[in-house]
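Just so it is clear, the structure is predicted and the values come from calculations on it, not from any experiment. Lettering of chains follows the sequences in order, A, B, ..., and the numbering in each one begins at 1.
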Amino acid sequence: MKSMEKIVSLCKRRGFLFQSSEIYGGVQGFWDYGPLGVELKRNLKDAWWSDMLTSHNELVTSANTPSTYEMVGLDSTIIMHPQVWKCSGHYDLFHDHMIDCRESKRRYRFDQVRGRWVEYRDKKIFVATMAEAAEEADDVRRRAMKFFKLRNKDADKITLGTESITLDRLDSTTDVLGPDAKNLDTLTEPREFNLMFKTTLGALGGEDDVTFLRPETAQGIFVNFKNVLDSSRVRVPFGIGQVGKSFRNEITPRNFTFRSREFEQMEIEFFCHPDQSQDWYRFWRDRRLAWYTSLGLSSDSLIMREHHTEELAHYSIGTADIEYAFPFLPEGEYGELEGIAHRGDFDLRSHMEGKLDPKTPKGQRMEVELGEDGKPKHRGSGKDLSYRDELTGERYIPHVIEPSAGADRGALAFLCEAYSEDEAPDEKGNMQTRTVMKLNPRLAPIKAAVFPLVKKDGMPEVAKDIYGELKKHMNVFYDEKGAVGRRYRRQDEAGTPYCITIDTESLNEKTVTIRDRDSLQQSRVRIDDLVAEITERIESH
RNA sequence: GCGGGUGUAGUUCAAUGGUAGAACAUCAGCUUCCCAAGCUGAAUACGAGGGUUCGAUUCCCUUCACCCGCUCCA
């Protein structure tokens with residue numbers, strides 16, 4: 001049986017994941033990777049970097065690729081100029097104002113609570129609701145009737161306001177009936193919840209020097225767009241990839257490492273001609289999904305979820321999430337591993353002209369958002385971030401496709417997928433439950449373990465030589481203690497795909513056995529061929 | 001942030017207002033020629049702070065963390 005408790009307990013026991021600052025009681029939303037975990041996560045990031053960037057061949061068009069394309073990397077800083085976050089939209093968006101209901105104990109986003117004024121005789125109240133737009137008027141009427149203690153036949157005695165307005169347009173909440181409340185005036189004042197971690201530049205920094213730890217790595221790419229163009233001779237279409245830490249002050253971290261406050265992203269910003277952006281969007285969606293299955297996530301546990309139009313962020317023409325059926329979720333529910341977003345030209349234009357207005361009606365060209373003084377609310381850099389096609393002479397602002405993956409979520413998904421229990425015989429031939437982490441060999445923290453079958457007759461010496469040779473090529477583990485069966489099982493829990501055993505035959509014939517983690521089959525190879533054989537097996541996955 | 005539950009060894013669990021046990025895991029030694037064997041020995045725990053008490057792991061309060069449900073997830 002695969003259960004989250006067993007996976008969490010194995011992660012702790014074997015050194016994949018620990019709670020941060022555990023000896024002091026821990027901190028919510030922060031997790032440390034242990035000796036095995038750090039290898040797993042690094043292998044995952046390396047696989048991403050290699051598969052997406054360094055091993056991509058920009059000279060050939062592969063299947064389903066609209067054209068050839070180039071890929072380069074970047075490593076930008078966590079702390080950036082404060083204006084970056086104002087133009088990116090995070091500054092405005094992350095300063096959510098929340099209100100609590102004293103009666104229902106629920107919390108709402110201030111600007112998301114809608115409602116209508118309702119009049120009955122001399123009394124006028126504002127009935128708030130979280131109902132969908134279609135049911136909103138019905139819900140308001142029903143709850144207003146209940147509040148005024150009216151029967152259905154008196155429905156026409158109350159008057160509903162024609163306009164649905166959000167709570168932040170009201171002057172006070174005194175006459176407001178909360179979305180889940182039965183009495184008036186139960187809502188607290190709106191309070192700011194800053195989802196970005198604030199910090200100060202300089203030892204004597206004041207309010208003007210406040211900036212933030214990045215909540216996404218993407219902006220570091222956008223602000224370096226021109227630098228990359230000017231320095232690397234890449235041409236559109238091309239992508240810039242980056243792996244790095246991001247920080248979000250989540251209100252409710254939950255579900256092991258799934259929603260952490262400090263996490264690592266693997267992001268690509270792919271720049272293309274606006275006319276081809278839909279093709280590239282589809283290409284990256286499929287390409288990224290295939291990547292997860294190629295490393296071992298079962299396609300039964302993965303879904304591609306296209307966002308509905310109303311769910312899309314203001315800049316996005318289309319967004320799809322790659323989601324995984326994590327064991328901590330209810331049956332049939334999935335958690336996000338990666339989002340692939342079509343961001344249009346929102347980011348580059350915002351960093352050029354100033355933050356664009358998210359309230360621009362859909363379908364219209366976005367305009368710079370203006371402040372009360374009629375000037376741009378957040379000034380852009382003023383730098384020209386457009387691209388000129390040398391062949392056609394056309395100058396345009398590229399559109400952006402953003403495949404944005406969570407490295408920690410990926411690592412967690414692969415851990416969950418890998419966990420399995422099967423039956424293996426013990427020394428006496430009785431079937432015993434075997435816990436085994438069936439990690440793809442590319443991701444496995446330890447690639448191979450080297451065991452002398454017994455700790456005598458010169459076997460340890462031969463084994464140590466082999467260990468030394470393998471270590472030059474990959475992460476290997478040496479163990480000579482206890483029964484060999486136990487050593488196999490220990491490696492099963494660590495996810496080590498291959499165990500190399502040195503026996504009497506090894507001494508005479510210069511051969512060793514390789515035991516396969518999943519099949520338990522052993523095959524004999526010459527010691528001279530061992531490095532090539534193991535390397536071949538790992539790379540064939 | 002709300003409601004409910006849980007915090008005892010590395011893990012999974014006991015017991016107890018007065019010396020905290022087990023299993024597995026770990027370490028050392030012996031044994032061992034292929035899948036958690038056996039024998040001997042060892043180390044290791046009451047989340048933190050405060051209160052009540054002669055004495056608190058146990059009762060009370062606070063806090064922190066984890067789990068479940070709600071909320072949130074740009």
Side-chain angles (χ1 to χ4, degrees), chain A residues 3-6 8-15 18-30 34 88-96 98-109 111-112 130 179-180 188 191 193 195-196 215-216 248-256 258-259 261 311-316 319 321 328 330 335-336 339 341 358 423-436 451-457 459 480-493 499-507 512-513 515-517 520-522 524:
Chain A
S3 74
M4 209 53 210
E5 282 101 70
K6 285 183 177 177
V8 171
S9 146
L10 182 137
C11 284
K12 172 84 195 293
R13 183 157 43 84
R14 298 312 307 259
F18 307 127
Q19 186 161 34
S20 168
S21 318
E22 198 191 62
I23 61 168
Y24 286 107
V27 205
Q28 207 183 22
F30 294 91
S88 71
H90 290 91
Y91 182 82
D92 291 341
L93 215 53
F94 275 31
H95 280 66
D96 283 344
M98 307 293 287
I99 46 169
D100 292 306
C101 177
R102 297 186 195 91
E103 184 188 312
S104 69
K105 306 293 182 198
R106 296 192 178 210
R107 165 169 298 167
Y108 315 93
R109 234 169 79 188
D111 58 359
Q112 278 186 350
M130 294 301 286
D180 298 284
T188 61
R191 287 177 295 179
F193 279 74
L195 293 178
M196 286 197 289
E216 63 171 33
R248 295 180 195 182
N249 218 343
E250 299 286 353
I251 297 168
T252 318
R254 231 8 121 76
N255 291 330
F256 206 23
F258 183 75
R259 179 162 295 134
R261 287 171 160 157
E311 205 183 348
L312 292 177
H314 50 82
Y315 49 74
S316 188
T319 297
D321 286 345
F328 53 76
E336 182 184 341
E423 301 267 298
D426 65 13
E427 193 183 41
K428 299 192 181 81
N430 298 321
M431 295 309 272
Q432 300 285 342
T433 301
R434 179 178 78 126
T435 302
V436 48
F451 304 150
L453 188 57
V454 290
K455 199 166 53 175
K456 60 181 186 187
D457 301 337
M459 289 180 203
E480 60 179 26
K481 299 182 200 107
V484 73
R486 173 178 303 195
R487 285 178 265 160
Y488 286 144
R489 296 298 174 88
R490 261 198 289 252
Q491 293 307 312
D492 289 340
E493 277 198 346
C499 291
I500 293 149
T501 307
I502 288 79
D503 55 15
T504 314
E505 218 175 315
S506 306
L507 306 176
V512 293
T513 61
R515 176 250 197 197
D516 181 86
R517 177 194 66 201
L520 301 178
Q521 297 299 309
Q522 283 181 290
R524 193 164 277 279

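Summarising the geometry, the separation between CZ on A:Arg248 and P on B:C72 is reported as 17 Å, rounded to the nearest angstrom. Here B:C34 presents its P atom at 16 Å from CD of A:Gln521, a figure rounded to the nearest Å. To the nearest angstrom, C1' of B:U11 lies 10 Å from CD of A:Glu493. Rounded to whole Å, the distance from CZ on A:Arg487 to C1' on B:A37 is 13 Å. Here B:U32 presents its C1' atom at 14 Å from OH of A:Tyr488, a figure rounded to the nearest Å. The nearest whole Å value for the distance from the CG atom in A:Leu10 to the C1' atom in B:U12 is 13 Å. Rounded to whole Å, the distance from CZ on A:Phe451 to C1' on B:C34 is 11 Å. We find that CD1 of A:Ile23 is positioned 16 Å from C1' of B:G10, with the value rounded to whole Å.
Side-chain contact check for A:Arg248 versus A:Leu195: every heavy-atom pair is 4.5 Å or farther apart.
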Give the dot-bracket string for RNA chain B, reading 5' to 3', where a pair is Watson-Crick or G-U wobble with both distances under 3.5 Å, ( ) marks pairs inside the strand, [ ] marks pairs crossing earlier ones, | marks a partner on another strand, and . marks unpaired. (((((((..((((....[..)))).(((((.......)))))....(((((..]....))))))))))))....
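Here A:Thr501 lies in heavy-atom contact (under 4.0 Å) with a base.
Taking every side-chain heavy atom of A:Thr435 into account, B:A36 is the closest of B:A36, B:C35, B:C34.
B:C35 and B:G18 have their C1' atoms separated by 48 Å, with the value rounded to a whole Å.
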Between protein and nucleotides 23-30 of chain B, map the contacts as a letter string: B base, S sugar-phosphate only, - none, heavy atoms under 4.0 Å, written 5' to 3'. --SS-S--
Report, as a single string ordered 5' to 3', how protein heavy atoms within less than 4.0 Å touch nucleotides 61-66 of chain B: B base, S sugar-phosphate only, - not at all. ---SSS
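Applying the 3.5 Å distance criterion, the base of B:C35 shares a donor-acceptor pair with the side chain of A:Arg515.
Partners of A:Asp503 under the side chain to side chain contact (heavy atoms under 4.5 Å, CB included) rule, at least two apart in sequence or in another chain, are A:Leu453, A:Glu505, A:Ser506, A:Thr513, A:Arg524. Residues satisfying the side chain to side chain contact (heavy atoms under 4.5 Å, CB included) criterion with A:Glu493, sequence neighbours excluded, are A:Leu10, A:Arg13, A:Arg14, A:Thr435.
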Quick test: give all pairs of protein nitrogen or oxygen and nucleotides 4-7 of chain B nitrogen or oxygen below 3.5 Å, distance rounded to 0.1 Å.
none

